[in-house]
K.L.:
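Take a look at this one; I'll ask things after.
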Amino acid sequence: MPELPEVEIQRRLLDTATRGATLVKLERPDLARFEGDPADLVSHRVVSWGRRGKYLMADFGAWSLLSHLGMTGQWIVDAPTDRAHRRVVLRFDSGRSLTLIDPRRFGWTWIVASQELANHPRLVSLGLDPLAHTWTADNLREAVGPRRPALKNRLMDQKVVAGLGNIALSEIGWRARVHPHVPCRAVAPDAWQRLVEATQQHIDYVLDAEGGDEIVYLGYEGAVNPFRCYGRAGEPCPRCKATFTKGAIGGRATYRCPTCQPLD
DNA sequence: TGACCCCTGGCC
DNA sequence: GGCCAGGGGTCA
């Protein structure tokens, strides 16, 4: 699934493929969740591709394209026209193209004036970005706050931390040896630094595993499970050999090791 | 805080 | 043939 590391990989691929190129045509073969006027982008040049949390942002000068990939969205460089699930195609004067593939149509695409991008409703309230220099134990503890709800619920909230998803949070909880259901206000003082480092380790792991010309989402539909904890209920913990369990927090599947991640 | 919705493919 | 998965919005 496209969580932060997958989005970051795509940002790099898209930037390399289209920086400096001029958009000559925008086609919408089958796109529903779309806001804005495609004509605004045509004949403008790509300055760069950026990312905030799970959002991709293409800077076309006066206008910007904002893209959230939902669960199955994926931008592909120079995709063939018979590729399944094509939603949007951007064609450039360089002869290259970008195609948005999205089987489940959970992605969103917006065209907005660049001046207003920073205040876009989807971006304005985003929280800490784990790849930014502000990703520290102190900032994380402050952003989460001394609240009663489960830690995982807060970390899933993009207004608290921008970019972490359900898979990442099972992995991070296990790596940091923190119970996902611990109330935020009861998180041990030394756990925040472990959470910060575990997040970086998880992101690095995915970045390393998914580099390539075209991104393939780890563990997606039938692929071998590449994760240490997520999706491994009933299997032994690689650290202590206890059996991973599966529960639900906020309606989302949550995996943990009962020995490495005790509630106390 | 939980239920439900968007949608589709893989799995039992 | 039904259930489940996931991001994220909305509604009670």
Side-chain angles (χ1 to χ4, degrees), chain A residues 1-11 28-35 51-57 66-76 83-88 99-110 112 120-130 144-145 147-173 180-185 199 202-203 206 210 215-227 229-235 244-256:
Chain A
M1 312 302 148
E3 297 185 357
L4 187 149
E6 290 89 349
V7 178
E8 174 61 21
I9 291 169
Q10 295 192 55
R11 185 197 68 76
R28 295 174 53 189
D30 185 18
L31 185 67
R33 294 172 151 185
F34 184 94
E35 292 176 14
R51 178 194 61 78
R52 281 200 57 196
K54 300 176 190 173
Y55 289 85
L56 280 167
M57 307 173 293
L66 180 62
S67 168
H68 190 292
L69 298 169
M71 286 193 41
T72 57
Q74 181 177 352
W75 286 97
I76 296 177
R83 179 100 185 208
H85 310 304
R86 294 160 75 242
R87 308 303 181 203
V88 186
T99 300
L100 176 66
I101 305 292
D102 189 7
R104 296 186 196 176
R105 291 189 171 93
F106 279 3
W108 290 87
T109 309
W110 301 262
V112 298
H120 191 278
R122 296 298 190 100
L123 299 182
V124 74
S125 57
L126 286 181
L128 292 174
D129 190 302
V144 168
R147 295 163 177 255
R148 184 169 46 177
L151 178 65
K152 186 191 173 207
N153 264 351
R154 286 288 286 165
L155 297 180
M156 286 278 286
D157 186 342
Q158 301 298 298
K159 294 190 288 296
V160 178
V161 177
L164 300 183
N166 197 47
I167 292 174
L169 286 167
S170 279
E171 294 296 287
I172 291 165
H181 214 308
V182 64
C184 296
R185 62 189 180 191
T199 302
H202 168 72
I203 290 172
V206 178
E210 294 193 336
I215 192 164
V216 177
Y217 294 139
L218 288 179
Y220 179 60
E221 287 183 354
V224 173
N225 181 356
F227 300 109
C229 171
Y230 179 85
R232 297 205 177 277
E235 298 180 33
F244 280 126
T245 61
K246 177 185 180 183
I249 297 178
R252 300 283 186 225
T254 304
Y255 300 85
R256 72 178 181 98

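Note that this is a predicted model, so its numbers are computed, not measured. Chain naming here is simple, since letters A, B, ... match the order of the sequence lines and numbering starts at 1 in each.
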K.L.:
Before you tell me yes or no, could you show the steps for A:Arg33 and A:Thr109 under side-chain contact (heavy atoms from CB on, under 4.5 Å), namely the whole-Å CA-CA distance, both residues' side-chain angles and the distance that decides it to 0.1 Å?
P.N.:
CA-CA 6 Å; A:Arg33 294 172 151 185; A:Thr109 309; over 6 Å; no
K.L.:
Considering every strand and a 4.0 Å limit on heavy-atom distances, what is the contact class for A:Ala32: base, sugar-phosphate, or nothing?
P.N.:
nothing
K.L.:
Does a nitrogen or oxygen in the side chain of A:Gln158 sit under 4.0 Å from OP1 or OP2 of C:dG7?
P.N.:
no
K.L.:
Go through B:dT1, C:dG9, C:dG7 for me and flag the one nearest to the A:Tyr55 side chain.
P.N.:
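In terms of side-chain proximity for A:Tyr55, the closest of B:dT1, C:dG9, C:dG7 is C:dG9.
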K.L.:
In whole Å, I'd like the distance from the CG atom of A:Asp157 to the C1' atom of C:dG9.
P.N.:
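To the nearest whole Å, that distance equals 12 Å.
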K.L.:
Hey, does A:Gly251 reach any base, or is it just sugar-phosphate, or nothing, if we go heavy atoms under 4.0 Å?
P.N.:
nothing
K.L.:
Return the nearest nucleotide to the side chain of A:His68; candidates are B:dT1, C:dA5, C:dG7.
P.N.:
C:dG7
K.L.:
Would you mind reading off the bend of the helix from B:dT1-C:dA12 to B:dC12-C:dG1 from its two end axes, five pairs each, to 10 degrees?
P.N.:
50°
K.L.:
Say whether, by atom type as modelled, one donor and one acceptor occur between the side chain of A:Glu8 and the main chain of A:Arg51 under 3.5 angstrom.
P.N.:
no
K.L.:
Say you draw a straight line from NE2 of A:His68 to CZ of A:Arg52; how long is it, rounded to the nearest 0.5 Å?
P.N.:
12.5 Å
K.L.:
Answer with yes or no whether the side chains of A:Ser67 and A:Trp75 bring together a donor and an acceptor at under 3.5 Å.
P.N.:
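There is such a pair between these side chains.
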K.L.:
Please check if the side chain of A:Gln74 supplies one atom and the backbone of A:Thr72 the other of a donor-acceptor pair under 3.5 Å.
P.N.:
no
K.L.:
Quick check on DNA chain B: between A:His85 and A:Arg148, whose nearest nucleotide comes earlier from the 5' end?
P.N.:
A:Arg148
K.L.:
Can you find a donor-acceptor N/O pair under 3.5 angstrom joining the side chain of A:Arg104 to the base of B:dC6?
P.N.:
no
K.L.:
Rounded off to whole Å, could you give me the CZ-to-P distance for the A:Arg252 and C:dA5 pair?
P.N.:
9 Å
K.L.:
Using whole Å, report how far CZ of A:Arg86 lies from P of B:dT8.
P.N.:
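Value for this atom pair: 17 Å.
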K.L.:
Take atom CE of A:Met156 and atom C1' of C:dG7, then tell me their distance rounded to the nearest Å.
P.N.:
8 Å
K.L.:
Under 3.5 Å, is there a donor on one side chain and an acceptor on the other for A:Thr254 and A:Lys246?
P.N.:
no
K.L.:
Take atom CD1 of A:Ile167 and atom P of C:dG8, then tell me their distance rounded to the nearest Å.
P.N.:
12 Å
K.L.:
Nearest to the side chain of A:Arg105, heavy atoms from C-beta on, is which of B:dT1, C:dG7, B:dT8?
P.N.:
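Nearest listed nucleotide: B:dT8.
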K.L.:
Starting from P on C:dA5, measure out to CD1 on A:Ile249 and report it in whole angstrom.
P.N.:
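Taking CD1 of A:Ile249 and P of C:dA5, I get 14 Å after rounding.
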K.L.:
For A:Ile101 and B:dT8, what is the distance between atoms CD1 and P respectively, to the nearest whole Å?
P.N.:
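The distance from CD1 of A:Ile101 to P of B:dT8 comes to 14 Å, rounded to the nearest Å.
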K.L.:
Could you please name the option among B:dT1, C:dG7, C:dA5 that lies closest to any side-chain atom of A:Asn166?
P.N.:
C:dG7
K.L.:
What's A:Arg122 touching, base or sugar-phosphate or nothing? Going by heavy atoms closer than 4.0 Å.
P.N.:
sugar-phosphate
K.L.:
Roughly how far, to the nearest 0.5 Å, is the OH atom of A:Tyr255 from the CG atom of A:Leu169?
P.N.:
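Going from CG on A:Leu169 over to OH on A:Tyr255, the span is 14.0 Å.
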K.L.:
So does A:Lys246 get a side-chain nitrogen or oxygen closer than 4.0 Å to the phosphate oxygens (OP1/OP2) of C:dA5?
P.N.:
yes
K.L.:
Side chains of A:Arg154 and A:Asp157, heavy atoms from C-beta outward: is any pair under 4.5 Å?
P.N.:
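A:Arg154 reaches A:Asp157 side chain to side chain.
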K.L.:
Tell me the interatomic distance from A:Tyr255, atom OH, to C:dC4, atom P, rounded to whole angstroms.
P.N.:
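Nearest whole value for this atom pair: 12 Å.
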K.L.:
Return the stacking result for C:dG7 and A:Phe106: yes when the ring centres lie under 5.5 Å apart and the planes under 30°, no otherwise.
P.N.:
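Yes.
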